[in-house]
Amino acid sequence: MGIIIKPIVTEKMTSITDKYNRYGFRVNPDANKLEIRQAVESMYNVTVIDVNTINYSGKKKSRYTKSGVISGKTSAYKKALVTLKKGDVIDFYSNI
């Protein structure tokens, strides 16, 4: 399994990208900042200045239905915010 699982493309992340040149990725929970930096630089041919990581824990969820209460859990994941050198851009939609 690779270091980078998928990029995070949401309205909030897009506004952060436009303002600060930062990109979000969902990454392997065992990956450290150096591995994330190397993976992004090799995959997208950009220069990474800074990497910030956030660990999200899974949360319990429940909802009421006709057949009763259904309970479950959201999955835990790790998110990385990567700051690029000024002028570098990652285009997630180039291969569509």
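Note on Y20 and V48: separate hydrophobic clusters, where clusters join Ile, Leu, Val, Met, Phe, Trp and Tyr whose side-chain heavy atoms are under 4.5 Å apart, directly or indirectly. Cluster membership check: I54 does not share its hydrophobic cluster with I4, using side-chain heavy-atom separations under 4.5 Å among Ile, Leu, Val, Met, Phe, Trp and Tyr. Cluster membership for V27 and V9, using ILVMFWY side-chain heavy atoms within less than 4.5 angstrom, is shared. Taken together through direct or relayed side-chain contacts under 4.5 Å among Ile, Leu, Val, Met, Phe, Trp and Tyr, I36 and I16 form parts of separate hydrophobic clusters.
Here the side chain of E35 pairs a donor or acceptor atom with the backbone of N32 at under 3.5 angstrom. Using modelled atom types, no side-chain atom of R37 and backbone atom of V51 make a donor-acceptor pair closer than 3.5 Å. Remark: side-chain polar atoms of D88 are paired, donor with acceptor, to backbone N or O of T47 under 3.5 angstrom.
The shortest side-chain heavy-atom distance between F25 and V40 falls under the 4.5 Å cut-off.
For the atom pair CE of M13 and CG of L81, the computed distance is 5.0 Å after rounding to the nearest 0.5 Å. Distance NZ/K79 to OG1/T53: 11.5 Å, rounded to 0.5 Å. Taking NZ of K73 as the reference point, atom NZ of K59 lies at 10.0 Å (rounded to 0.5 Å). Atom CD1 of I49 sits about 8.0 Å away from atom NZ of K85, to the nearest 0.5 Å. Rounded to the nearest 0.5 angstrom, T14 OG1 and Y23 OH are separated by 9.5 Å. Annotation: the span from Y64 atom OH to I70 atom CD1 amounts to 12.0 Å, rounded to 0.5 Å.
Looking at every heavy atom in both residues, G58 comes nearest to A76 through N-CB, 3.6 Å. Minimum interatomic distance between S75 and R26 (heavy atoms only, all atoms of both residues): OG-NH2, 3.5 Å. In terms of heavy-atom proximity, V46 sits nearest to E41 at O-CG, 3.2 Å. N21 and G87 make their closest contact through ND2-N, 4.4 Å (heavy atoms, listed as atom of the first residue, atom of the second, distance). Considering every non-hydrogen atom in both N28 and K78, the closest pair reads O-CD, 3.8 Å.
Taking the six-membered ring for Trp and thresholds of 30 and 60 degrees, Y44 and F92 have ring planes more than 60 degrees apart, a perpendicular arrangement.
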side-chain contact (heavy atoms from CB on, under 4.5 Å) between N52 and R22, intermediate numbers included: CA-CA 10 Å; N52 298 98; R22 299 182 81 176; 2.7 Å; yes
